[in-house]
Amino acid sequence: MSIFNFNLFGPQCQQSGFLLLEVGIALFVGSIMAISLASWYVTVVDEYDDMIKTLDGLLYACTIIEYMRADKIAIPRDLGPNKYTISIEHDHQFEHFEFVTVTVEWLHKKIRRNIRLSTGIIVK
Amino acid sequence: MSRGFTLLESLIYLSCTVILITFCLLITATFYSSVKSHTDRLHRYLDMVIGYDHMLTDLRHAPVLKTGWKKYTEHEIIFSCPTQDIGWLIHNGKLTRVTGFYNTNIQEWPNKKLNLAAQRLNCLDFEYYLIEKNRIAGVRTLLTVAGNSGSYTLQSFIACQVGLEI
């Protein structure tokens with residue numbers, strides 16, 4: 001049955017409208033497109049956030065290493081509360097030199113991510 | 001008997017189409033602006049990281065003694081290197097590296113060369129980390145950019161030459 005089965009100016013004329021199946025298919029296709037667009041949006045935003053967190057983590061690790069260089073001790077300085085967890089492994093220790101590996105960890109969508117930087121520090 | 005659409009039917013169809021297209025455009029515009037804002041944020045962040053990286057290379061070779069620093073204010077640094085003087089500041093919203101000779105008596109660069117290190121930065125702050133009265137061990141840098149969705153600050157620390165000497 002047509003959704004426009006009336007005519008203001010002429011005699012009544014039976015006209016076929018959309019079938020329920022057609023409307024259903026159109027809705028299905030529209031929903032798929034909307035879901036694709038939304039998932040694309042979520043993915044892009046998530047990727048950007050991940051990249052920024054990674055860059056931030058990298059700089060945080062660099063800052064920790066730089067402070068150790070300035071202080072001449074292979075112990076990380078407390079830089080206040082932040083979203084990163086830091087750990088240090090002392091790989092090799094010499095009299096005035098240490099090889100250390102700084103690991104910065106953070107959570108991204110409940111997945112633990114990390115950056116590991118290995119470097120040498122001149123110590124007192 | 002076949003016939004075309006009546007004017008009323010056409011108008012209703014047209015209205016539906018216009019509403020649908022407007023709705024789609026609104027959703028797309030919202031998504032697009034949001035993604036653009038994130039892209040902008042990432043680009044500005046990358047600018048800051050590039051700026052930091054450039055400064056790191058220079059400050060590594062900065063003199064340990066304060067006497068080797070010709071200027072060390074909150075927003076500008078100038079220090080002497082064996083061949084020339086090097087300065088870092090924000091000039092016209094860009095992180096700029098200045099090289100040449102800085103005359104401390106007249107507080108000017110008689111001859112200088114400006115190099116663009118990073119764009120779209122709004123503020124550069126320095127904090128000096130002294131280990132003794134006259135020795136600068138490192139510089140804490142705060143780079144700030146103002147974006148459409150707020151400003152971002154990148155805090156970092158650069159150890160000067162003192163960290164490389166036994």
Side-chain angles (χ1 to χ4, degrees), chain A residues 2-17 26 30 33-34 37-56 58-73 77 79-80 82 94-97 119-124, chain B residues 1-10 12-13 16 20 23-24 27-28 30-32 34-46 48-50 52-53 56 59-60 64 128-131 135-141 143 152-166:
Chain A
S2 169
I3 53 170
F4 294 117
N5 58 353
F6 58 91
N7 193 332
L8 291 174
F9 308 107
Q12 290 290 320
C13 177
Q14 191 65 35
Q15 187 186 1
S16 64
M33 284 171 73
L37 191 67
S39 64
W40 167 80
Y41 170 75
V42 170
T43 309
V44 168
V45 169
D46 186 52
E47 283 292 317
Y48 281 135
D49 281 345
D50 188 31
M51 274 192 265
I52 286 172
K53 267 187 190 169
T54 309
L55 277 174
D56 229 4
L58 179 67
L59 276 164
Y60 186 67
C62 289
T63 303
I64 292 284
I65 291 170
E66 291 296 307
Y67 269 119
M68 288 196 294
R69 284 212 170 102
D71 293 334
K72 289 182 188 285
I73 46 168
R77 183 187 279 218
L79 297 179
N82 54 55
F94 302 100
E95 194 181 352
H96 287 294
F97 195 78
T119 188
I121 307 267
I122 295 167
V123 290
K124 285 175 190 168
Chain B
M1 182 184 164
S2 66
R3 62 175 183 84
F5 292 113
T6 64
L7 188 61
L8 184 67
E9 288 169 357
S10 305
I12 291 170
Y13 274 121
C16 287
L20 202 67
F23 185 67
C24 287
I27 290 176
T28 314
T30 311
F31 278 14
Y32 177 75
S34 176
V35 169
K36 198 171 179 305
S37 145
H38 275 79
T39 313
D40 186 55
R41 187 178 164 208
L42 182 69
H43 284 172
R44 283 170 187 274
Y45 222 86
L46 283 172
M48 287 198 291
V49 174
I50 291 166
Y52 164 78
D53 211 36
L56 178 80
L59 281 165
R60 271 274 183 274
V64 178
Y128 303 93
Y129 177 51
L130 308 176
I131 45 170
R135 285 161 71 88
I136 295 176
V139 181
R140 185 166 163 251
T141 59
L143 285 161
Y152 321 111
T153 302
L154 186 108
Q155 289 186 44
S156 56
F157 182 82
I158 302 169
C160 294
Q161 211 170 15
V162 70
L164 306 174
E165 61 177 20
I166 297 173

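In this structure, chain B has a heavy atom under 4.5 Å from the side chain of Leu59(A), while its backbone stays farther away. Contacts of Tyr52(B) with chain A are made by side-chain atoms alone, with heavy-atom separations under 4.5 Å and no backbone atom involved.
For OH of Tyr32(B), the number of neighbouring non-hydrogen atoms (other residues, nucleotides, ligands) closer than 6.0 Å is 12 at most. Around the CZ atom of Phe23(B), the shell of radius 6.0 Å holds no more than 12 heavy atoms that belong to other residues, nucleotides or ligands.
For the side chain to side chain contact (heavy atoms under 4.5 Å, CB included) with His38(B), the qualifying choice from Asp49(A), Asp46(A), Val44(A), Ile52(A) is Asp49(A), the only one to do so.
Relative ring orientation between Tyr67(A) and Tyr129(B) is described as perpendicular, the plane-to-plane angle rising above 60° on a 0-90° scale split at 30° and 60°.
Taking the side chain as every heavy atom from C-beta outward, Val35(B) and Trp40(A) approach each other to under 4.5 Å. Using a 4.5 Å heavy-atom cutoff, the side chains of Arg60(B) and Glu66(A) are in contact.
Between chain A and the options Val49(B), Ile158(B), Leu46(B), heavy-atom pairs under 4.5 Å are most frequent for Ile158(B).
Listed here is the closest heavy atom pair of Phe157(B) and Ala70(A): CE2-CB, 3.6 Å. The shortest non-hydrogen separation linking Tyr45(B) to Asp56(A) is OH-OD1, 2.5 Å.
Here Ile27(B) contributes atom CD1 and Tyr41(A) contributes atom OH; the two are 12.5 Å apart, rounded to the nearest 0.5 Å.
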